[in-house]
Amino acid sequence: MDNSEHPADSAPETSDHKPNRDAAPALEITTSRQMLAWLAEQQLSLALSTYQIGKLFFIGLKANGELSVFERSFNRCMGLCPTANGLYLSSLYQVWRFENLFTAGEQQDGFDRLYLPQVGYTTGDLDIHDMAVGADGRLVFVNTLFGCLATLSATHSFKPLWQPPFVSRLAAEDRCHLNGLAMRDGRPAYVTAVSQSDVVDGWRDHRADGGVVIDVKRNEIVAKGLSMPHSPRWHQGKLWLLNSGTGEFGHVDLESGRFLPLTFCAGYLRGLAFHGDFALVGLSKPRHNKTFSGLALDQNLKDRQAEARCGVQVIDLRTGDAVHWLRFEGVVDELYDVVALPGVRRPMALGFKTDEIRRVLSIEG
């Protein structure tokens, strides 16, 4: 639950020069020169989650074209997915369903969406990663702690739907670090896992090259040898994913099982969304611990004389070029998920710390 609300809507620096590190800002967001114009042209805004500091960010544009940043606090927020009129968010021990309260064309103080946490489900700490809404309207999420796909339950923590063939039983042991979910035709189609381990926390021994992609319907592994893969997504007839341990974004050739990199990104990759011919890729600065160290990403950055960054890169799928970017400096080092909000210019949300939520009332027609 939100216990440290500090909403902010600011106009951070939006040029592409380096921030003043001596000032040590709590939060500074910079963008490439054309990022804001691209958001305006595409009629697009973004939602981002970071469990590192427990924030849900909404990135949009003010009426004058400046960057709008709106944040709400949710403890260890991670998975995000859009719905017909809102979005879902996973947090430390709950899943929240947000609903947009504005009617078409309605605005308030320049905001054209107001997301209210309408329903909360108490799941316990399942370490929920990717989430998606199926064609039947049911939420499907990756229950990483138990290594399965699951859905919400009105009476229990979760209802299991599927588990990998190599996981012998459901146990709260994070055996393979199942993390990513790709939907196809409204159904769970592919998932990613860091390994095929079937012992408690076994995935940590296979971070460099034990990653797999599993076909959910066929219950078969369709790609292996990956390094901490995340965020599989089906788009334009291809299965895209982030090979996080190498810093590469690309797609899987399902006939050969090979991962075909398209772009190297300077960061640990998590969070992937698409908008037409563009991919929006989340980048994080890898933590200096046993989970993130010793991966090929370290050498790949060194070879390119680059430092890891935190933010979002917009990649043109036709060329592989990173055409625009948004970067976090200061308190935010890691992102988890990225969601595109088409047709939305400037979103905001309600939280639980301030008393605004008491005064927002609506009547169903």
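Residues take their numbers from the sequence shown, with the count starting at 1.
- The heavy-atom pair separating E307 from A266 by the smallest distance is O-CB, 3.8 Å.
- With rounding to the nearest 0.5 angstrom, the OG1 atom of T50 is 10.0 Å from the CE atom of M78.
- Listed by chain and residue number, nothing satisfies the salt bridge (Lys or Arg N to Asp or Glu O under 4.0 Å) test with D112 (two or more places apart in sequence, or in another chain).
- In this structure, a donor-acceptor pair under 3.5 Å is absent between the side chains of S49 and K55.
- Using cut-offs of 30° and 60° on the angle between ring planes, the pair W240 and F274 is tilted.
- Partners of D198 according to the salt bridge (Lys or Arg N to Asp or Glu O under 4.0 Å) rule, which considers only residues two or more places apart in sequence or in another chain, are R175.
- Expressed to the nearest 0.5 Å, how far CD of Q107 lies from CZ of R345 amounts to 9.0 Å.
- R207 CZ to S195 OG: the interatomic distance, rounded to the nearest 0.5 Å, is 11.5 Å.
- Side chains of W203 and D205: no donor on one and acceptor on the other come within 3.5 Å.
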Legend entry - From CA spacing to verdict: side-chain contact (heavy atoms from CB on, under 4.5 Å), W38, L44: CA-CA 8 Å; W38 181 78; L44 186 70; 3.7 Å; yes
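- At a cut-off of 3.5 Å, with distance as the only test, no side-chain donor of Q94 or N75 sits close to an acceptor on the other residue.
- Here R318 contributes atom CZ and Q236 contributes atom CD; the two are 9.0 Å apart, rounded to the nearest 0.5 Å.
- Using a distance-only test at 3.5 Å, with no hydrogens or angles considered, no donor-acceptor pair links the side chain of E173 to the main chain of G202.
- Residues satisfying the side chain to side chain contact (heavy atoms under 4.5 Å, CB included) test with K217, not counting sequence neighbours, are D215.
- Membership of an apolar cluster is not assigned to V200, as no side-chain contact below 4.5 Å to another ILVMFWY residue is traced.
- Residues satisfying the side chain to side chain contact (heavy atoms under 4.5 Å, CB included) criterion with N85, sequence neighbours excluded, are E99, N100.
- Contact record, D337 with L80: OD2-N, 2.9 Å, taken as the closest heavy-atom pair.
- Here the straight-line distance linking atom SG of C176 with atom CD of Q196 works out to 9.0 Å at 0.5 Å rounding.
- Across all non-hydrogen atoms, the minimal contact from P232 to L239 is CB-CD1, 4.2 Å.
- Counting heavy-atom neighbours within 6.0 Å of Q43 CD, excluding the residue itself, gives a total of 12 or less.
- Each of F352, Y88, Y121 was compared with W96 under the ring-ring contact (aromatic ring centres under 6.0 Å, His included) criterion, and only F352 meets it.
- Scanning for side chain to side chain contact (heavy atoms under 4.5 Å, CB included) contacts around T144 gives D127, H129, V142, D174, H177, with sequence neighbours left out.
- Qualifying ring-ring contact (aromatic ring centres under 6.0 Å, His included) partners for F158, counting only residues two or more places apart in sequence or in other chains: F146.
- In this structure, F111 has its ring center closer than 6.0 angstrom to the ring center of F70.
- Rounded to the nearest 0.5 angstrom, L242 CG and F259 CZ are separated by 8.0 Å.
- For D298, there are no side chain to side chain contact (heavy atoms under 4.5 Å, CB included) partners at least two apart in sequence or on another chain.
- Heavy atoms only, all atoms of each residue included: P229 and A193 are closest at CG-O, 3.6 Å.
- Judged by the 6.0 Å and 45° rule, R76 forms a cation-pi pair with Y51.
- Sorted by first and then second residue, the pairs that involve residues 178-190 and meet side chain to side chain donor-acceptor pair (under 3.5 Å), not counting sequence neighbours, are N179-T192.
- Residues A308 and L301 come closest through the heavy atom pair CB-CD1, 4.0 Å.
- The shortest distance between side-chain heavy atoms of R138 and L161 falls below 4.5 Å.
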Inset, instruction - Show your working on side-chain contact (heavy atoms from CB on, under 4.5 Å) between F98 and R113 and close with a plain yes or no. - result: CA-CA 11 Å; F98 289 75; R113 294 293 189 280; over 6 Å; no
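- For F58, the ring-ring contact (aromatic ring centres under 6.0 Å, His included) partners at least two apart in sequence or on another chain are Y115.
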Legend entry - Chi angles and distances behind the side-chain contact (heavy atoms from CB on, under 4.5 Å) call for Y268, D333: CA-CA 10 Å; Y268 185 85; D333 288 332; over 6 Å; no
Inset, instruction - Check the pair D316 / F278 against side-chain contact (heavy atoms from CB on, under 4.5 Å), numbers first and verdict last. - result: CA-CA 5 Å; D316 190 325; F278 299 95; 4.1 Å; yes
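- Residues passing the salt bridge (Lys or Arg N to Asp or Glu O under 4.0 Å) test with R309, sequence neighbours excluded: none.
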Please report, to 0.1 Å, the donor-acceptor pairs under 3.5 Å made by any side chain of residues 243-251, with sequence neighbours excluded.
| unit_1 | atom_1 | unit_2 | atom_2 | d |
| --- | --- | --- | --- | --- |
| N243 | OD1 | S227 | N | 2.9 |
| N243 | ND2 | T246 | OG1 | 3.2 |
| S244 | OG | M228 | O | 3.2 |
| S244 | OG | H230 | ND1 | 3.1 |
| S244 | OG | L269 | O | 2.5 |
| T246 | OG1 | N243 | O | 3.0 |
| T246 | OG1 | E248 | N | 3.4 |
| T246 | OG1 | E248 | OE1 | 2.9 |

